[in-house]
Every structure is written in C-alpha cells, then in structure tokens.
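Sequence lines set the chain letters: A, B, ... in the order given, protein chains first and strands last, and positions in each chain run from 1. Everything numeric in this text was worked out from a predicted model, so none of it was measured. Both backbone and side-chain heavy atoms feed into the values below; hydrogens, waters and symmetry mates do not.
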Number of protein chains: 2
Amino acid sequence: MTKRSHSVTIRQVAQQAGVSVATVSRYLNRNAPISKEVAGRLEQVMAELRYVPHSAARQLASKKTHIVGLLLSDLHNDFFVPLLDGIETVVRKNGYNLLVATYHAGSRNLPPPIGPHNTDGLLVFSDGLTDNDLAALSAQNFPMVLVHRTPPQDLPIPSVTVENKKITAELIEHLITVHQRKRILLFRGPEQQEDSYWRELGYRNALEAHGIPFDESLVLHGNFEKTVAQQSLSKFLEDQNHPQFDAIFSGDDDAAVGVLAALREHRYRVPEDVSVAGFDNSGFSAFLNPPLTTVSAPTEAVGRIAAERLFSLFDKQSAEGVTLLPTELIIRHSCGCPI
Amino acid sequence: MTKRSHSVTIRQVAQQAGVSVATVSRYLNRNAPISKEVAGRLEQVMAELRYVPHSAARQLASKKTHIVGLLLSDLHNDFFVPLLDGIETVVRKNGYNLLVATYHAGSRNLPPPIGPHNTDGLLVFSDGLTDNDLAALSAQNFPMVLVHRTPPQDLPIPSVTVENKKITAELIEHLITVHQRKRILLFRGPEQQEDSYWRELGYRNALEAHGIPFDESLVLHGNFEKTVAQQSLSKFLEDQNHPQFDAIFSGDDDAAVGVLAALREHRYRVPEDVSVAGFDNSGFSAFLNPPLTTVSAPTEAVGRIAAERLFSLFDKQSAEGVTLLPTELIIRHSCGCPI
DNA sequence: CCAGTTACAGTAACCGGTTACATTATTTCA
DNA sequence: TGAAATAATGTAACCGGTTACTGTAACTGG
C-alpha cells in the first residue's frame, strides 16, 4: 500500500532488470536488437512494476507527440459524429491519439489551443483557423489537412471535401423542372463557410440556367443548426409582408429539421405548399415527416481520407492537393415526389 | 527564410530579453512578481520570436498535462454530439485540452490509449473501461468521472448519468394503459451497458405491475445503432413464426430510426399496427414519421456536469457520488397519441 | 535605526525519456 | 586467419521547460 503517486520510471525498470536505461528504451521502441534473455526479463519486470512510459518525457526527447489535432468550429451538428468516427478510426489504427478542440471567432484573441507545440499535425475543419493562421503554420512546414475547405492563397495544404456546387444545382433544377418551383428560399449556411458558399453558387447557377432572377430577399442566414434555423425561419414567416415562396433549400439536414419545425408551426404543408430539401443525408433524414429530399455526402469517408492524407504527409511528405468526394442526389417525398 | 524547424525555446527568449529563463517562466505562469519593465520587454520579445512554450517540456517539468481524456466505447450515435459539446465547452473554459479515444472490447489486449501517463484525469463513458481498469486507476487516486455508468464495487468515483428505470416504467405503462398494448417488444441496447440494463428493468417492472408476464421471445438485442437495429428487426420480422407484438420500445432514438425503417419495409403501420417509442429525445425525433414518443434526456448537461465534476476533483479532491439527472416523458404520435 | 518582510531576479538541479558515441564479444568472409 | 561487420549493451548528454534555493535592494514598523 505504499502510495507513491504512480511514477515508475524507466530507471527503476532498468535497475530492477539489471540493465541500462538505454536497453529498456530500445526494448520499448524495438529499434535495436535486444537479446532474447534480456527481453524476457524486461517484459516481466515491466509487467510487475506496471510500468507505463511517461508521454511527455517521450515527446520531449523524441520530438514527436504521436498526437493528431482536430480543430472544429463548433460542435452543434450531428454531422460531426460520422466525421469524428472516420478520423478516430484511422488515428487509432496508426497508434496515435486525437486531440479535439473548438476554436471560434469569439476566441480569436487567444492563440489556437492546438498546433505544433502539442501535436504532430492538424486536421482543420472549415473555418477552424484563419487564412493567416494557416499561412503561418504552412510556412513552418507543419503537416495539416483541410476538411470541408480548400486551401487559401495557393498554400500547398491537402484538402478533403465534397462536391457541393454541381449537386446543389441539380437539386435546385429538380425543384424547378419537376415541381415547377420558382420562388425557392435559400437557407444559407454559416458565413465564411465554404460549403455554404458553393451551395449558394450552385443555387444561383441553377436559377440562372432557368431564367429565374436571383432575389436577395429569398436568402435567409442560418448556421447549420436546428434551433437557429427554426427561429430564423419563424421570424421570417411572422413578418406580415415576407416574400412569397414555394420551396426551401436548407443548408443541411440539421437545418432542415428546424425548417420543418417552423413550417409546421406556421401551418404550411410539406410538400404540398412548400418543397423542402436538405444536404448530408444524415441517418435520420429518410424518416423525417415527410422523408427528406437531400444530397448524400460521404462524411465518414471524408474523415477517414483526411486522416489518411495526414499520415501520408507524416511519412512521405507527399501532398495530394484537393480531394473532392462525390455526392449524390437523394430524392424523397419532401420535394413533392411520390415516396 | 532560415527554416529551422520551429523551435524557439525559453532560453532564446531569455537571452533576447536579457533576463534568466526563470524569469521568463515566471512571467508565463504569472506565479511570481515581475517588474513592469521586464514584463513589457518579455511580451515584446515573445511576440517578435513567435514563442510558444513546448507542451511536452511543460508537462514533464510541472507534472501536469492540462489534458482531460474522454474514453468512449465507440462513435456510432448522434447522442455523442451534445455529450461532446457539453464536455468540450467546460474543458475549454478551464484552459484544458481534450483527448478523445475509443477503446472497445476488441482491443482489450492493448492498454488504454489514455490514462495517467498522458492526461490529468479521465471521463469514462459507459463501458469504456473494465471494472478492473477502473479499480486500478482509482487505487492510484487518478481523477475520473464516470458518464452513463455507476461505479463498480463501491469505488469512490463520481458518476453522472440519467434516470432510466422509473421513466422507462412510466413509458411502458403509458403504452399499456393508454394504448392497451400487451405484447411489447423490447429492443435492448448493448449488452453490459448500464442504460440498457436499467431500461430493461423499468420495462420489466411496468409489465409486472400490470400483470403481464415477461416473455423472453419479445426481447431483441441491438446496439443503439440505426442500421444494426434495422437489420436485427428485419430478420426478426422475416422469421415466419415470430411472436406477435403490438408495440416496440427501442433502446434509444437512433435505434428507433432503424426500427421505423424495418417496420416500413415490412408494411407495418405506426402507430396503427405498432406503437413505437425511443429514448433520448434527439433533435430529429420530433420530426420523424410519425413523430417519436420518447424520453428527453439532458445529454449536453450530462457532459457539462461530468466535466465540471472532474475539474472540482482537480481542485478540492471532493467527490460527489452519483448524480442522477432527471428525464421526462415526451409523448408524440408514434405511440398512438394524437399529435 | 535595525530586524523582518517583500519585490524581483539568477543559478542550477530536475522531470523521464531518447540517442550519439563508445565498447566488447561474436560472426562473416575473402 | 585476420579484417570487417554485426550483435548487444552501457555512459552520459540532451530535449525545453519548472522551481527550490539563494541573493540583493527596497520597504515596513516599532
């Protein structure tokens, strides 16, 4: 019951096994030959003493943290579960650890909580870092991979994201040509967010292709969040002289849930009065009321591939530019299609 | 363009500012008086050199990592977003970092990836660690808080979870008394998972209270996962002589989505033929088809409070036993109630 | 006016690993 | 068979911070 505060060191192991610390270290890292005999003795002693190498000491001496950082803008979307799942799977498989942090506009006076001082590399989601931050880190050759964002100013940072523009145009075109919608409300995602940008562009392109003028008053600003979307749309609907509309493209599926909530509150029928479409094809979207027409995005794959890119940066210094994963239109009932 | 691999050290800062390293360290930690003049000089030099203290060195010397570990069983449930959100918020507010890892049964030959060697304390979700692991760490006085799990063997580990049994009994009772359901299929959550256990107990209690015999053939095993639930129920339904049933209590809302999918596939009408109820009140549950009767659980609060408990352990060594957060019945249409 | 504090700063040991360099014994092979 | 390569291990410097210990100057109160 001696309660020393858990600090079995490599020297204790060495002494106990009658070898030098260097030998123990070599055994731990298996980076030099060790005799069978000594190896056996060490294994036993380490088990006996319940020795676990101290990470910080290891990191300091080896200049490697074996930690990957994930920088998010926030944690308010079901979307992050598959993303995290993909990332974590790869990180674990490589024997690394995952440091997760959010870093949003409000805290921009503070330095980022994760970076070269405590990780070997970063996965940067969306606007988790400013262009300047990215440029500075990139200049130091710090390994990074961007997720749902393309590199600014031609920085040579690999990037993994999904095809937004073309698929959104297809989706809007579907609303126009199949369902004769002409007043399509755009529920825009977060300002500064790239997906938002490309989706808006796809929306505009589709309108233009069909000779429908873009109407600023039909653009609402949301946040890829259920409640924000709900409140925002409710406020819009409560304005006596809000513009007419016959469809809503909400920024993503989470926002679509809020959109459906607000519409129901205000007695609109979906899809009879209003067509609704989302983006992401979240697990629940097929079972909303009505089933949600949306775009399926391979979010888990985005996470997985982004992490793999980062590890290949660790190895071979090879960058692979922008990876654009394909998306797919998922037609369900909320746009007006049967079933 | 000198590309030294980003290693501005405290000694360089000290030299540049004409003071000793001790003074720089004191300034960084603000744990001893520094003259205005020197402070100013240091601030400037540190900005100029873009000095960021090296975490590992700091951890090694101070014996504090300023990292909180979160150990999850997996990442396959939307439930984790609010949980993570609550945790991360508190962790960030305290100036700590968050290390996230999964550690499941399959990897039980490996040691846990996070523990005393790389964190100051652990949030352990559900069966993220075995009883033995917990006992060992607890014996070393390692700060931990359990989430959605109560401490085994009277270990003095604080725990934060939600009330499962009573509310589940209420829910089942609702199905029995209001909707005259008597053959209620229980979609059990993961084996070994405490929530599953208590929910099953609530289910049994409610049956017993109403003189309905427990029928083992009405228990299906799921995993709190959409697809697993869907497949599992589908297989059940495809068995020609499966027992009759008139309601399903699925382990949680995620599983409920799968249940709804399987039922639709097999042409059951909800709630006319079968009542369905879930657990968690996930953001989407109000907008499923039909709107899901469920139990609202304060998941974000669970995360927040668990993290707060951990930080209060860091400070005052005060443990607060088991915290049971209240849950609430949410009646919607999937059980058969109007609206 | 002097003992006792307090403010401020420096020196160097220490945290627990890794690894360059050195050493000895054993193989390998021309 | 002798030179060179390889196996197996040890010694000690080093990674970049923190902090105990020490010292000087200025301040405080009786």
Proximity to the side chain of [X] - top-ranked nucleotide from [options]:
X     : options                : answer
B/A61 : C/dG17, D/dT9, C/dC15  : C/dC15
B/S20 : D/dA7, C/dT11, C/dT18  : C/dT11
A/Y51 : C/dG17, D/dG17, D/dA7  : C/dG17
A/T23 : C/dG17, D/dG10, D/dG17 : D/dG10
B/S35 : D/dA12, D/dG16, C/dC8  : C/dC8
B/P53 : C/dT18, D/dG17, C/dA9  : D/dG17
A/L60 : D/dT18, D/dA12, C/dG16 : C/dG16

For atom [atom1] of [X] and atom [atom2] of [N], their distance in whole Å:
X     : N      : atom1 : atom2 : value
B/N31 : C/dA9  : CG    : C1'   : 13 Å
A/K63 : C/dG17 : NZ    : C1'   : 14 Å
B/K64 : D/dT19 : NZ    : C1'   : 15 Å
B/K36 : D/dA26 : NZ    : P     : 20 Å
B/R58 : D/dT18 : CZ    : P     : 5 Å
A/Q59 : D/dC14 : CD    : C1'   : 17 Å
A/I34 : D/dA8  : CD1   : C1'   : 7 Å
A/L42 : D/dT9  : CG    : C1'   : 12 Å

Face-on cation placement of A/R92 at A/Y96 ring, 6.0 Å and 45° thresholds: no

A/Y27 six-ring centre to A/R30 NZ/CZ under 6.0 Å and within 45° of normal: yes

pair B/L146-B/P151: side-chain heavy atoms closer than 4.5 Å: yes

Interatomic spacing from CG in A/L28 to CZ in A/R58 - rounded to 0.5 Å: 5.5 Å

DNA chain C: 5'-proximal contact among B/G18 and B/S62 (nearest heavy atom): B/G18

Upstream residue (5' side of DNA chain C) when B/V19 and A/S25 are each assigned their closest nucleotide: B/V19

Base of C/dG17 paired with side chain of A/R11 (donor-acceptor, under 3.5 Å): yes

Flag for B/T65-B/Q59: side-chain donor and acceptor within less than 3.5 Å: no

Touch class at under 4.0 angstrom, heavy-atom based, for A/V24 against every strand present: nothing

